[in-house]
Amino acid sequence: MMSVSVVRYMRKKRLGIASSPNIYLLKQAAGTSKIYDLDALANDIEMAGSLSKEDILHVMKSFVRSIRNVLKEGNKVRVDGLGIFYITLTCPGVEVEKDCTIKNISRVNLRFKVASTLRLVNDLLATTRSAPNNVEFVMKTETAATGGTTPTDPTDPTNPGGDEDDPNG
């Protein structure tokens, strides 16, 4: 299992209030994640199955186009094992009913509600080890000599930054 590198950072407990005490939080380390596009996903799927990359890309592009069309009609899309895509809108409140018009809609947002079967859990707190939804985290610490960062528990000594190979090849 690959690990997700995290770092500590400090901020005020109550943002914008100078007298608020400082607290420490964790976030994913910068530069340790990549964006996978349809092409990269198609490569992964092609390796695991019997379909060609071209067939997979065609299906995935059709899937995205269909989801977009369903959402444009105001409907929701449930992808089993993944979650539900839906839209919301942003509209400022007005005091007079007749002033509340479609022109007031300032933004349409795409939202996603995760399926309960997909919820990821911290591997250290999981009741079942090596379950498919467990995520292993590793803390990155500052190195005084180089000023860079290295994980405290590198899983790959040839790649101590935690980055995987480029998914696009």
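Counting from 1, the numbers follow the sequence of the chain as shown. Hydrogens, waters and symmetry mates play no part in the numbers below; they use all other heavy atoms, side chains included.
Using a 4.5 Å cut-off on side-chain heavy atoms (C-beta onward), F112 and I84 make no contact. Contact annotation: the side chain of V79 approaches that of V77 to within less than 4.5 Å [non-hydrogen atoms, C-beta and beyond]. Within the 4.5 Å cutoff, the side chain of D44 has heavy atoms near those of the Y36 side chain. Residues V4 and E136 have side chains not in contact (no heavy-atom distance under 4.5 Å, counting atoms from C-beta outward). The closest side-chain heavy-atom distance from T90 to N109 is below 4.5 Å. Residues K27 and V6 are not in side-chain contact: their nearest non-hydrogen atoms beyond the backbone lie 4.5 Å or more apart.
Hydrophobic cluster membership is shared by I102 and L89, with clusters built from Ile, Leu, Val, Met, Phe, Trp and Tyr side chains linked at under 4.5 angstrom. Both F85 and I87 are members of a single hydrophobic cluster when ILVMFWY side chains are connected at heavy-atom separations under 4.5 Å. Placement of I56 and L41 within a single hydrophobic cluster is found when ILVMFWY residues are connected by side-chain heavy-atom separations under 4.5 Å, directly or transitively. In the hydrophobic cluster analysis, where Ile, Leu, Val, Met, Phe, Trp and Tyr join through side-chain heavy atoms closer than 4.5 angstrom, L118 is grouped together with F63.
Other residues, nucleotides and ligands place no more than 12 heavy atoms under 6.0 Å from the OH atom of Y24. Around CZ of R107, the count of heavy atoms belonging to other residues, nucleotides or ligands within 6.0 Å does not exceed 12. Atom CD1 of I17 is surrounded by more than 12 heavy atoms from other residues, nucleotides or ligands within 6.0 Å.
Nearest heavy atoms, T101 versus K98: CG2-O, 3.6 Å. Closest approach of L71 and L110 over heavy atoms only: CD1-CD1, 3.4 Å. Nearest heavy atoms, A29 versus K140: CB-CD, 3.3 Å. Residues Y86 and K76 share a closest heavy-atom pair of CB-CG, 3.6 Å. When every heavy atom of D99 is checked against every heavy atom of V94, the shortest pair comes out as C-CG2, 3.8 Å. Across all non-hydrogen atoms, the minimal contact from E46 to K53 is OE2-N, 3.3 Å.
A donor-acceptor pair under 3.5 Å is formed between the side chain of N133 and the backbone N or O of T117. At least one donor-acceptor pair under 3.5 Å links the side chain of K12 to the backbone N or O of A18.
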task: Go through the steps for I23 and M10 under the test side chain to side chain contact (heavy atoms under 4.5 Å, CB included), then give the verdict.
output: CA-CA 6 Å; I23 60 172; M10 181 179 64; over 6 Å; no

In sequence, state the C-alpha distance, the side-chain angles, and the governing distance for R65 and S62, and then conclude on side chain to side chain donor-acceptor pair (under 3.5 Å). CA-CA 5 Å; R65 186 174 44 251; S62 296; 3.1 Å; yes

**Study point:** Residue pair R11, N22: steps toward the side chain to side chain contact (heavy atoms under 4.5 Å, CB included) verdict
**Key:** CA-CA 5 Å; R11 73 165 176 86; N22 291 327; over 6 Å; no

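For the atom pair CG (L38) and NZ (K61), the distance works out to 7.0 Å, reported to the nearest 0.5 Å. Atoms CG and OG, from L26 and S5 in turn, are 12.0 Å apart once rounded to the nearest 0.5 Å. Separation of atoms CD1 (I67) and NZ (K72) is listed at 13.5 Å; rounding is to 0.5 Å. Expressed to the nearest 0.5 Å, how far CD1 of I105 lies from SG of C91 amounts to 6.0 Å. L15 contributes atom CG, which lies 8.0 Å from atom OG of S20 (distance to the nearest 0.5 angstrom). With rounding to the nearest 0.5 Å, the separation of CG in L57 from CG in N43 is 8.0 Å.
Between the side chains of D55 and S52, a donor-acceptor pair is found at a separation under 3.5 Å.
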